[in-house]
Amino acid sequence: MRRRRFIAAACGAAALPLSARAADVSMEGWALPERFSRPDVSTDEGGLWAMMDREETRIRRSPFLFKEAALREYLQGLVCKLAQGHCPDVRVYLMRTPFFNASMAPNGAIQIWSGLLLRVDNEAQLAAVLGHELGHYFQRHSLMRLRDIKDRAAVASYIGLLGPVGLLGQLAVFAGAAGFSRDHEREADAIGLSLMRQAGYDMREASKIWVNLQAELAASFGGDPSKSNIMFATHPHSKERSETLARLAESSEGGFVGEAELAKALRGVQYDLLEDELGRGQYGQSLVLLDRKIAAKPQRSDFHYFRAELRRLRAAEGDAQLALNDLQTAINSGQEPPQTYRSLGYLLRKQDGAGAREAFAKYLERLPQAPDAGLIRSYLEPIDAKDKETS
């Protein structure tokens with residue numbers, strides 16, 4: 001304990017008392033530090049910054065980097081609201097990878113993975129996660145971890161062994177999964193709430209994130225999230241975390257939630273986020289997520305389409321009929337995605353073929369240049385032939 005406090009003082013961080021008990025975490029006694037100066041490259045901190053600078057260059061060239069300028073500006077603005085005077089030092093990168101994660105490097109680069117955007121319900125919840133990452137940055141937890149490891153060559157070797165993961169951002173793996181202690185995570189949670197409060201957000205939204213994520217991950221791996229997500233192996237248990245965050249926010253009198261603001265920012269990428277989620281193949285987890293979204297917004301035809309497609313692909317007992325019900329709900333809305341008719345065609349074709357031709361034709365009419373248009377057209381001839389045989 002004394003060693004950690006000594007390191008924090010040596011780094012110039014105004015650290016909260018570290019504790020192994022969540023009940024001891026509070027937002028009191030913490031103040032936003034002054035902006036950090038770039039450390040000399042000859043120091044261990046300067047070496048860490050230089051390493052992260054190289055990884056940041058890789059991220060800028062990554063094919064997984066979202067290029068949507070408006071969304072990037074929205075996220076940068078949100079982080080700046082939280083970071084306050086540190087805004088000029090923070091750079092936001094949105095990576096297209098369908099998992100719940102965000103991480104911040106000691107040089108000011110912060111990554112947001114697209115799966116996180118799909119799982120937060122409003123801007124306040126997103127601010128809670130990003131505020132947590134800023135907490136790690138302000139407290140220089142990465143440097144503490146490096147000094148615990150003591151051997152920078154070992155860290156460099158660790159990053160080098162990551163291979164293709166670098167395309168998704170080796171920086172995120174190092175700054176996050178490389179191992180903040182649970183004390184650091186609790187400390188970052190408390191700082192994140194403090195930053196939320198200063199920015200005017202409703203702190204009560206923070207605890208909801210972990211309740212929702214726990215329910216999602218519990219749908220597989222025997223209900224043990226640590227087996228399906230590395231973050232749960234190093235972070236406080238989600239039940240403890242949600243309860244602690246709720247306790248810390250209980251004095252909150254409300255604040256900005258920003259549900260409409262987040263929805264507007266994601267409008268242009270929402271379909272891509274849902275499609276990537278489906279591509280994970282974790283149908284149990286994705287179903288929990290989609291059930292929650294449909295319960296909150298039953299009018300959203302895209303949610304119904306993706307839940308139907310999930311069930312069509314999973315093909316468990318009863319899934320076909322439930323998928324047809326969802327597709328019909330989407331069609332009745334009058335705002336169904338064109339892909340709704342492709343899924344409908346596949347389901348009907350697998351049954352008795354009746355109506356499949358009409359559904360596929362409707363899909364091609366709506367999306368004549370679809371990447372799979374040739375494949376779908378190839379299905380029409382066999383269906384026509386079958387219709388002639390039975391006529």
Side-chain angles (χ1 to χ4, degrees), residues 98-100 114-129 201-221 223 225 228-229 232 238-239 241-243 245-246 249 254 256-267 269-337 339-340 343-344 347:
F99 299 94
F100 182 102
S114 56
L116 167 61
L117 297 185
L118 188 60
R119 285 165 172 80
V120 291
D121 297 328
N122 51 59
E123 188 174 303
Q125 290 183 11
L126 181 55
V129 178
Y201 287 106
D202 189 341
M203 298 187 297
R204 296 171 298 183
E205 291 296 317
S207 64
K208 299 176 184 178
I209 301 166
W210 301 102
V211 173
N212 293 337
L213 194 60
Q214 167 73 14
E216 186 181 323
L217 294 176
S220 58
F221 297 92
S228 58
N229 191 306
F232 278 83
S238 59
K239 184 175 185 296
R241 193 168 199 173
S242 61
E243 290 176 352
L245 288 168
F256 184 68
V257 173
E259 182 178 341
E261 286 74 9
L262 179 65
K264 180 180 178 181
L266 298 182
R267 192 170 297 154
V269 301
Q270 185 78 67
Y271 186 92
D272 291 336
L273 299 183
L274 290 163
E275 191 170 49
D276 291 348
E277 174 64 22
L278 197 64
R280 290 201 308 132
Q282 297 294 328
Y283 299 136
Q285 296 178 20
S286 300
L287 185 59
V288 172
L289 173 64
L290 286 166
D291 283 348
R292 179 169 63 82
K293 287 189 170 293
I294 289 173
K297 294 187 177 298
Q299 74 280 10
R300 286 284 297 268
S301 59
D302 53 343
F303 293 160
H304 285 282
Y305 158 69
F306 276 101
R307 188 168 69 176
E309 185 67 353
L310 182 157
R311 284 174 166 147
R312 183 185 73 80
L313 293 171
R314 186 176 67 173
E317 184 178 356
D319 273 348
Q321 186 56 54
L322 290 171
L324 287 170
N325 294 344
D326 264 333
L327 293 175
Q328 191 58 57
T329 299
I331 292 170
N332 290 343
S333 75
Q335 298 180 341
E336 70 280 9
Q339 292 84 352
T340 302
S343 292
L344 182 60
L347 285 167

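Nothing here was measured: the structure is a model prediction, and the numbers come from that model.
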Go through Glu336 and Tyr305 one step at a time and tell me if the side-chain contact (heavy atoms from CB on, under 4.5 Å) criterion holds.
CA-CA 8 Å; Glu336 70 280 9; Tyr305 158 69; over 6 Å; no
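Counting heavy atoms of neighbouring residues, nucleotides and ligands inside a 6.0 Å radius, atom CD of Glu275 exceeds 12 of them. Summarising the local packing, CD of Glu259 is surrounded by 12 or fewer heavy atoms from other residues, nucleotides or ligands at distances under 6.0 Å.
The closest side-chain heavy-atom distance from Leu245 to Ile209 is not below 4.5 Å. You'll find the side chain of Lys293 reaches within 4.5 Å of the side chain of Leu118, heavy atoms only. With a 4.5 Å cut-off on side-chain heavy atoms, Glu309 and Leu313 count as touching. Contact check for Lys208 versus Asp121: no side-chain heavy atoms found under the 4.5 Å cut-off. Under the 4.5 Å side-chain criterion, counting only non-hydrogen atoms from C-beta, Leu289 is in contact with Arg119. When side chains are defined from C-beta on, Thr340 does not count as touching Leu344, because their heavy atoms never get closer than 4.5 Å.
Summarising the geometry of Pro298 relative to Ala295, their closest heavy-atom pair is CD-O, 4.0 Å, with the distance given to 0.1 Å. Residues Ser286 and Glu277 share a closest heavy-atom pair of OG-OE2, 2.6 Å. Between Lys297 and Phe303, the shortest heavy-atom contact is O-CD1, 4.2 Å. Closest heavy-atom contact between Leu116 and Phe100: CD1-CE1, 3.3 Å.
Residues satisfying the side chain to side chain donor-acceptor pair (under 3.5 Å) criterion with Asp319, sequence neighbours excluded, are Arg314. For Ser207, there are no side chain to side chain donor-acceptor pair (under 3.5 Å) partners at least two apart in sequence or on another chain. Ala124 pairs by the side chain to side chain contact (heavy atoms under 4.5 Å, CB included) definition with Asn122, Met196, Tyr201, Glu205, not counting sequence neighbours.
Between the CG atom in Leu274 and the CZ atom in Arg307 there is a gap of 12.5 Å [rounded to 0.5 Å]. For the atom pair Ile331 CD1 and Asp326 CG, the distance stands at 11.0 Å (nearest 0.5 Å). Between Leu290 atom CG and Tyr283 atom OH the span is 12.5 Å, to the nearest 0.5 Å. If you take CZ on Arg300 and OG1 on Thr329, they are separated by 15.0 Å, rounding to the nearest 0.5 Å. Atom CZ of Arg311 is separated from atom CZ of Phe306 by 15.0 Å, given to the nearest 0.5 angstrom. How far CD of Gln285 is from CG of Leu310: 11.0 Å, rounded to the nearest 0.5 Å.
Not a single donor-acceptor pair under 3.5 Å links the side chain of His304 to the backbone N or O of Gln299.
In summary, Arg292 and Glu216 do not engage in a salt bridge, as defined by a charged side-chain N under 4.0 Å from a carboxylate O.
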